[in-house]
Amino acid sequence: MSNLDVRNVIAKRIAQELKDRQVVNLGIGIPTLVISYLEDKEVYLQSENGLLGMGPPPLEDEIDADLVSAGKEPITLKKGATLFDSANSFVMIRGGHIDVAVLGVLQVSIKGEIANWAIPNQPILGVGGAMDLIAGAKKVICAGTLFTKNGEAKLVKELQYPISGLRQIDLFITEYAVFAFENGEVIIKEIIGDLTFEQLKERLNIPLRQEITNIYMN
Amino acid sequence: MSNLDVRNVIAKRIAQELKDRQVVNLGIGIPTLVISYLEDKEVYLQSENGLLGMGPPPLEDEIDADLVSAGKEPITLKKGATLFDSANSFVMIRGGHIDVAVLGVLQVSIKGEIANWAIPNQPILGVGGAMDLIAGAKKVICAGTLFTKNGEAKLVKELQYPISGLRQIDLFITEYAVFAFENGEVIIKEIIGDLTFEQLKERLNIPLRQEITNIYMN
Amino acid sequence: MKNKVIESINEIREVFRDNQKILAGGFGLSGSPLTIIDQIMELDIKNLHLVSNNLGDDGFGLHKLFTQGKVQKVIGSYFTMNNEAVMAWSEGTLDIELIPQGTLAEAIRCGGAGIGGFYTKTAVGTELAIGKEEREIDGERYIFEKAIKGDIAIIRAKTADLLGNLTYHRTARNFNPIMATAADIVIVEVDEIVEIGELDPETIITPHVYVDYIIQTKYTKVGESYVKS
Amino acid sequence: MKNKVIESINEIREVFRDNQKILAGGFGLSGSPLTIIDQIMELDIKNLHLVSNNLGDDGFGLHKLFTQGKVQKVIGSYFTMNNEAVMAWSEGTLDIELIPQGTLAEAIRCGGAGIGGFYTKTAVGTELAIGKEEREIDGERYIFEKAIKGDIAIIRAKTADLLGNLTYHRTARNFNPIMATAADIVIVEVDEIVEIGELDPETIITPHVYVDYIIQTKYTKVGESYVKS
């Protein structure tokens with residue numbers, strides 16, 4: 001698969017996790033691609049720069065530079081959308097009112113801790129709303145390829161990258177499998193790609209259990 | 001003077017202290033009467049239940065039970081009025097954005113501390129926004145008759161009533177005089193009633209200095 | 001789409017239990033969810049803890065709920081005008097926690113915002129600061145206050161769309177928008193319910209994410225009063 | 001009535017000084033006071049401390065002010081995309097204080113609200129919590145954050161009435177309303193200025209008490225960009 005395909009496979013699988021009426025915040029990168037796979041699901045997208053009810057990108061002649069996503073891309077308003085200031089946006093995020101945050105990730109530990117904001121030994125100059133979403137969202141789904149460009153697994157025994165918060169995420173969705181984190185265990189809920197459970201276990205070299213359930217049905 | 005007259009004398013004198021463009025919060029009681037003496041001064045009245053730009057009472061057929069003052073009296077909106085929730089109302093009050101709070105008072109100490117919310121040995125069951133206004137307003141003017149019904153002075157060496165906050169008020173305006181509190185001193189800025197400075201000094205039995213200045217001119 | 005509109009809280013009877021903390025909007029009767037309060041009076045529940053600026057007016061709103069005997073404790077800023085509350089407090093049948101109005105508002109807002117507590121300058125040095133931690137920040141004295149959250153919030157708005165987006169009317173806004181953020185279940189009573197898209201996005205005060213159930217009010221305003229229709 | 005409308009900050013040159021802390025609204029360029037920033041660039045001041053979510057876009061807004069050398073420190077949440085800021089930080093010519101976006105927003109709001117500081121759950125256990133007081137409240141871990149205030153706030157709104165009441169447009173609202181409350185002097189740049197009474201009281205976001213000066217913007221939107229007219 002090309003890199004583009006891989007990202008879309010992950011995004012599509014994440015879309016299946018989202019349910020009607022959920023309020024969802026999509027991070028930058030793969031999470032943004034999820035929009036394309038929502039089909040007619042009635043999901044309400046929150047954007048931390050002050051919007052609930054983000055609609056699809058505008059037509060060229062309808063672009064408004066003052067209607068943008070947190071990724072600073074032009075967007076539209078869906079019916080029933082609301083606008084608010086940054087303080088109130090984070091009341092919504094940190095206060096536990098977002099049903100699902102979908103976040104890009106650099107590393108995930110076997111305890112479900114994540115690193116998604118900083119790279120060791122490099123200047124740490126950006127965090128945005130990532131830590132607020134991790135602290136506040138009811139459910140956190142992380143999106144990412146399972147391996148780095150150098151072939152290193154992103155699912156690791158201990159984070160080498162700076163941690164993003166104490167919170168254990170719910171799911172790590174990759175192009176190979178859906179990983180859940182429950183009671184200190186990593187559980188493969190679904191195999192997506194062409195590696196078997198045994199192959200994944202060998203490549204990742206972490207304790208792993210398989211428990212295939214159709215978790216995304218409402 | 002009748003009690004009604006006395007209250008109006010105080011209210012009228014307080015009105016003279018207010019300046020064009022000031023944002024003012026008027027407490028319940030004598031402070032509310034100040035409205036009648038504002039004439040064409042462009043003062044913006046804030047009401048802690050969520051309003052800036054309180055207008056005069058409505059005509060009988062224009063009463064809206066959902067447009068009331070903090071004293072729960074029907075009011076109107078002036079041009080340029082704004083509405084906000086209670087949290088934002090106290091951002092305005094506690095955050096130092098109210099130019100003048102005019103408050104009723106039970107006692108004022110010679111240090112300019114006030115007691116205006118509770119009576120000793122009685123259940124303390126109401127405070128409202130009094131302490132927020134005292135903590136936050138740029139200037140606090142207190143309104144009250146100088147003596148209780150029993151003839152006891154309200155301006156005292158030490159408060160016997162529970163204090164309302166650490167803040168030293170700026171002026172105590174009574175039917176006899178305007179008292180200012182500066183550098184630990186009580187200064188009579190103006191004699192209003194028919195007691196002379198010497199008579200006031202004797203009846204109050206506190207250190208008192210006279211310094212008549214036309215303080216209310218802009 | 002799940003419909004948030006209900007006729008009566010009887011349809012969601014299971015969310016009400018003894019000993020719950022209920023946030024109730026309103027400043028006096030303005031912005032008070034009178035219909036919802038009437039319906040709570042019909043429920044067989046007890047020992048409620050109310051968080052509300054005050055206790056309605058004599059014979060109206062929360063005052064009725066309190067005189068009915070359902071209330072064990074009230075947390076608010078102003079109960080002096082309510083003779084029966086004062087009496088019940090004196091007799092030890094009602095617990096009252098008095099908080100300055102601005103501190104109450106801020107504590108509720110923090111409860112909804114994932115903020116655990118805050119330092120306010122209000123009430124420093126007074127009886128209401130007794131037992132509270134004091135801290136100096138940049139040379140000024142502050143006291144610590146904990147955030148307030150509720151099991152249920154009952155609030156009043158003007159218009160709801162079918163999603164649950166809310167607008168308010170005049171000073172009936174007061175505590176309602178912040179209470180909407182600070183409880184597990186939020187029930188709003190409104191004058192009118194409109195289609196999605198009818199409210200201007202710029203003017204919606206409470207986004208729908210905060211609202212669980214919508215009830216059409218049974219009260220209308222007549223002069224200074226609210227009359228059950 | 002004193003007129004709050006000014007042509008340029010040159011008319012209030014005296015409020016700007018070296019070493020001031022300036023709160024600047026905007027998320028990227030949306031809601032950024034581009035005209036005021038242009039005018040600040042003309043002033044002979046230095047060592048500014050900026051509080052802003054990020055530093056504009058390359059060549060636009062705060063980024064210009066920073067590359068001009070007027071900025072000593074920035075406090076915000078996201079500077080990674082700004083190569084020159086990263087470089088200046090590496091070389092030690094720019095001080096950066098990184099704060100999670102929600103903590104930044106809350107700290108500014110508290111600055112305007114007379115709240116000295118607050119406990120947030122955001123960033124607990126991370127590098128951004130190092131050196132910060134931690135406290136457990138009701139079984140959850142929080143860190144302490146101090147309120148943020150500024151000497152001057154420069155903000156962007158859609159419409160001002162002559163009193164200074166403000167409405168905003170879409171996601172250009174962002175940090176602007178809270179920054180309006182948290183500085184000694186507040187200067188707003190707007191698309192249009194209208195008579196008092198033209199704005200619906202229910203829809204005004206920033207009451208006039210927070211606004212000191214109003215400037216008509218010199219920028220218009222063309223597609224995704226802002227163009228100086």
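Below, read A as the first sequence line, B as the second, and so on, with proteins coming before strands; counting in each chain starts at 1. Hydrogens, waters and symmetry mates are skipped; everything else that's a heavy atom, side chains included, is used.
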Any side-chain heavy-atom pair from [X] and [Y] closer than 4.5 angstrom?
X	Y	answer
N54(C)	K72(B)	yes
L125(B)	W89(C)	yes
F90(B)	R109(C)	no

Where is the tightest heavy-atom contact between [X] and [Y], given as atom of each residue plus distance?
X	Y	result
S30(C)	D66(B)	OG-OD1, 3.0 Å
N174(C)	D85(B)	O-CB, 3.3 Å
Y78(C)	V127(B)	CD1-N, 3.8 Å

How would you list all residue pairs meeting salt bridge (charged side-chain N to carboxylate O under 4.0 Å, His left out) that involve residues 27-36 of chain B, not counting sequence neighbours?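 Every pair satisfying salt bridge (charged side-chain N to carboxylate O under 4.0 Å, His left out) with a residue in residues 27-36 of chain B: there are none.
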In Å, rounded to the nearest 0.5 Å, how long is the span from CG of N88(B) to CZ of R173(C)?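 Between atom CG of N88(B) and atom CZ of R173(C) there are 8.5 Å.
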Report, one line per pair, each donor and acceptor closer than 3.5 Å where one atom sits in a side chain of residues 112-120 of chain C; sequence neighbours left out.
| unit_1 | atom_1 | unit_2 | atom_2 | d |
| --- | --- | --- | --- | --- |
| Y119(C) | OH | E133(C) | OE1 | 3.3 |
| Y119(C) | OH | E133(C) | OE2 | 2.7 |
| Y119(C) | OH | R135(C) | NE | 3.3 |
| Y119(C) | OH | R135(C) | NH2 | 3.1 |
| Y119(C) | OH | Y119(D) | OH | 3.0 |
| Y119(C) | OH | R135(D) | NH2 | 3.2 |
| T120(C) | OG1 | T122(C) | N | 3.1 |

As an exercise: rank N82(C), I178(C), V74(C) by heavy-atom pairs under 4.5 Å with chain B and give me the winner.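 Heavy-atom pairs under 4.5 Å are most numerous for I178(C).
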So which of G28(C), A172(C), S77(C), A123(C) has the biggest tally of heavy-atom pairs under 4.5 Å with chain B?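 The option with the most such pairs is S77(C).
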Contacting moiety of I93(B), where chain C heavy atoms sit under 4.5 Å: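 Neither; nothing under 4.5 Å.
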Non-hydrogen atoms of chain C under 4.5 Å away: do they reach the side chain of L77(B), the backbone, both or neither?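 For L77(B), side-chain heavy atoms alone lie under 4.5 Å from chain C.
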Looking at G128(B), A135(B), S164(B), which one has more heavy-atom pairs under 4.5 Å with chain C than the rest?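 Among G128(B), A135(B), S164(B), the one with the most close pairs to chain C is G128(B).
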Show me, pair by pair, the donor-acceptor contacts under 3.5 angstrom made by side chains of residues 47-59 of chain B, not counting sequence neighbours?
| unit_1 | atom_1 | unit_2 | atom_2 | d |
| --- | --- | --- | --- | --- |
| S47(B) | OG | N49(B) | OD1 | 2.5 |
| S47(B) | OG | A70(B) | N | 2.9 |
| E48(B) | OE1 | N25(B) | ND2 | 3.1 |
| N49(B) | OD1 | A70(B) | N | 3.4 |
| N49(B) | ND2 | V68(B) | O | 2.8 |

Greater than 12 external heavy atoms within 6.0 Å of K149(C)'s NZ: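 For K149(C), atom NZ is not crowded (no more than 12 foreign heavy atoms under 6.0 Å).
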Where does [X] contact chain B at under 4.5 Å (heavy atoms): side chain, backbone, both or neither?
X	answer
Y226(C)	side chain
R141(C)	side chain
K221(C)	side chain

Evaluation steps, side-chain contact (heavy atoms from CB on, under 4.5 Å), between L83(B) and T171(C): CA-CA 7 Å; L83(B) 298 150; T171(C) 53; 4.3 Å; yes
Which members of residues 97-107 of chain C, sorted by number, sit under 4.5 angstrom from chain B on a heavy-atom basis?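 Listed by number, the contacting residues are L98(C), I99(C), P100(C), Q101(C), G102(C), T103(C), A105(C), E106(C).
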